Colleague: 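Okay, handing you the structure first.
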Amino acid sequence: MSLMSNVELIIIALVVVGISKWLHRWYNPKIKCNGMLPPGSMGFPIIGETIEFFKPCGQLEIPPFFQKRMLRYGSLFRTNIMGSKTVISTDSDVIFEIFRQENQSFVLSYPDIFVKVIGKDNLFFKTGNIHKHIKKTTMHLIGSAGLKRNMIGTMNQATREHLRWKASEGAFDLKDAVSNLITSYMTPKLISNLKPETQTKLMDNFKAFNIEWFRSPFDPSTWKIIYKVHKARRDATEVIKEALKKRKESREKHGDFLDTLLEDMEKEGSIYDQESVISLLLIIGAISKDSTSFTTALTVNYISKNPKVLAELKKEHEAILQKRENKEAGVSWEEYKNNTTFTSMGKDLRSGSKTLMVFGGGMRQCVGADFLRLQMTVFLHHLVTTYDFSVVQECQMIRTPLPCLTKNLLINISPKSPK
Ligand code: HEM
């Protein structure tokens, strides 16, 4: 055997040993504490179990990814998704405890791709006092007090106007309409003194900055969406940066959320810097419309198929209207709080129940839950008291595993004929 082939053999042997070691580490990841990992599989090298995790399933199904593993390993199992070593728990007590013990027994982290797409200076990725403080500032705008003081009137007005336009348009996409109406009033609530063309640009960026990219990375269209979201973030950042600069220089007050953030930023030791201010404005502008329009579309789709629910809803809102002195006024805070028992099912979705953690829990509980409920109530109120509606196309939903519409809800509305 020649000297050359011996060297080749040594190199091949080293490569084989290296790969074997790497595969061993892949399938048996080390953990930093003294415990042991739950059962499970790390899937294929590099891609892990990502493909199966994103497999679409029906709206009311437990995704097969979870179902299969729960049967095989129980409620706690290990896996690898999108390059992140992951332990999944499907036990509500454990999940509740994880939410409750943040920063004690559990450290918050998101897969790298989340951080890359939505930006690292985000409320979602902050912990401890910084997170607490940003949350408190956010509540100023979309918590109960902020909604009552500053939002409900605009919400009513925008909803009424948008429905009026839609009544003359024929069939329209309800999710799109709700998304547009929220963006139309939320953008000036965040930054109020933009030139019309700059405001339109910012609204377009808010619209494009969505969560639709969270799906299989092996689907080429995912990368197109990621590119658009990334571009929207970059463009919105430029607009907000410019607005922030002008506001700082002019020292003018406009009573918007940018004022609130600037005031905080100028305090000694403020946790806010330019990046975190921009990021918060962007996240609220984007997140407020997506989840709300989606849930409103599902709700209208549901009530259109359940005449008893629709009748009960109409009864509740007609009664509100009957009692109201100024029929032109929209839903008041008092009506919303005291007279919408059926609309809000009488169930407090924010009470931190272990069986319904749709809004998260503990320190991470959703700050937008009140906003969502109020906007949905206002929309349903104007829809059922002022219009008759008919469904032109029902919506269809799948989970990937996030809920996603494969067909949008199209409806027709026409003003109710006077009784
Ligand atoms: C169907 C509607 C919604 C659902 C199901 C939902 C669900 C959630 C969940 C599960 C979390 C916790 C995330 C985590 O653990 O890190 C969360 C947090 C959050 N949500 Fe929502 N949300 C909805 C609507 C909204 C709306 C309308 C807004 C804004 C107006 C909003 C703003 C936020 C913010 C800012 C956080 C971060 C809170 C924090 O880190 O402390 N959400 N949401």
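Remember, it's 1-based here, ligands and their atoms both numbered in the order they're listed. Bear in mind that the values here come from a model prediction, so they are computed numbers and not experimental data.
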Colleague: Between K120 and E275, does at least one N-O distance fall below 4.0 Å, as a salt bridge requires?
Modeller: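 No, K120 and E275 are not salt-bridged.
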Colleague: Does the gap between the ring centers of F172 and W165 come in under 6.0 Å?
Modeller: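 They do not qualify: ring centres at least 6.0 Å apart.
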Colleague: Quick one: nearest non-hydrogen protein atom to atom 7 (C) of ligand 1, plus distance?
Modeller: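 The protein heavy atom lying closest is V358 O, 3.3 Å.
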Colleague: Have a look at R364, K126, H131 and point out the one with the heavy atom closest to atom 41 (O) of ligand 1.
Modeller: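 The option holding the nearest heavy atom is H131.
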Colleague: Non-hydrogen atoms of I284 versus ligand 1: any pair closer than 4.0 Å?
Modeller: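 I284: no contact with ligand 1 (<4.0 Å).
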Colleague: Is any side-chain N of the basic residue among R247 and D256 closer than 4.0 Å to the acidic one's carboxylate O?
Modeller: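 Salt bridge flag = yes for D256 with R247.
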Colleague: Around atom 16 (O) of ligand 1, find the nearest protein heavy atom and jot down its residue, atom name and distance.
Modeller: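 Scanning the protein heavy atoms, the shortest distance from atom 16 (O) of ligand 1 goes to Y110 OH, 2.5 Å.
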Colleague: Which atoms from ligand 1 have a heavy atom of T292 less than 4.0 Å away?
Modeller: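 Near T292, the atoms of ligand 1 are 27 (C).
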Colleague: Using the rule salt bridge (charged side-chain N to carboxylate O under 4.0 Å, His left out), only one of K248, R251, K253 pairs with E263; which is it?
Modeller: K253
Colleague: Numbering the atoms of ligand 1 from 1, which are under 4.0 Å from a heavy atom of T295?
Modeller: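 Reading through ligand 1 atom by atom, the close ones are 1 (C).
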Colleague: Before accepting this row, confirm whether a basic side-chain N of the pair E312/K315 lies closer than 4.0 Å to the acidic partner's carboxylate O.
Modeller: yes
Colleague: Say whether K135, considering both its backbone and side-chain N or O atoms, lies within less than 3.5 Å of an N or O atom on ligand 1.
Modeller: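 Yes: some nitrogen or oxygen of K135 is under 3.5 Å from one in ligand 1.
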Colleague: Could you check whether any heavy atom of I142 sits closer than 4.0 Å to an atom of ligand 1, since that is the contact criterion I want to use?
Modeller: yes
Colleague: Is the shortest side-chain N to carboxylate O distance from R100 to E97 below 4.0 Å?
Modeller: yes
Colleague: Counting each atom of ligand 1 from 1 as listed, which ones have a heavy atom of M363 under 4.0 Å away?
Modeller: 41 (O)
Colleague: Could you tell me which non-hydrogen atom of D370 sits nearest to which non-hydrogen atom of I142, and how far apart they are?
Modeller: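 Reported closest heavy-atom pair: CB-O, 4.2 Å.
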Colleague: Identify whether the distance between the nearest side-chain nitrogen and carboxylate oxygen of K305 and E394 falls below 4.0 Å.
Modeller: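 Yes, this pair counts.
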Colleague: I'd like the name of whichever of F114, F99, F124 reaches closest to atom 37 (C) of ligand 1 through any heavy atom.
Modeller: F124
Colleague: Are F114 and F214 close enough that their ring centers fall under 6.0 Å?
Modeller: yes
Colleague: Count, excluding waters, the protein N, O or S atoms that are closer to atom 21 (Fe) of ligand 1 than 2.8 Å.
Modeller: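 Step by step: take atom 21 (Fe) of ligand 1, keep protein N, O, S below 2.8 Å, and you get 1.
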Colleague: May I ask you to decide whether E61 forms a salt bridge with R399, counting only side-chain N to carboxylate O separations under 4.0 Å?
Modeller: no
Colleague: Could you check whether R69 makes a cation-pi contact with F65, meaning its NZ or CZ is under 6.0 Å from the centre of the six-membered ring and within 45° of the ring axis?
Modeller: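 That pair qualifies as a cation-pi contact.
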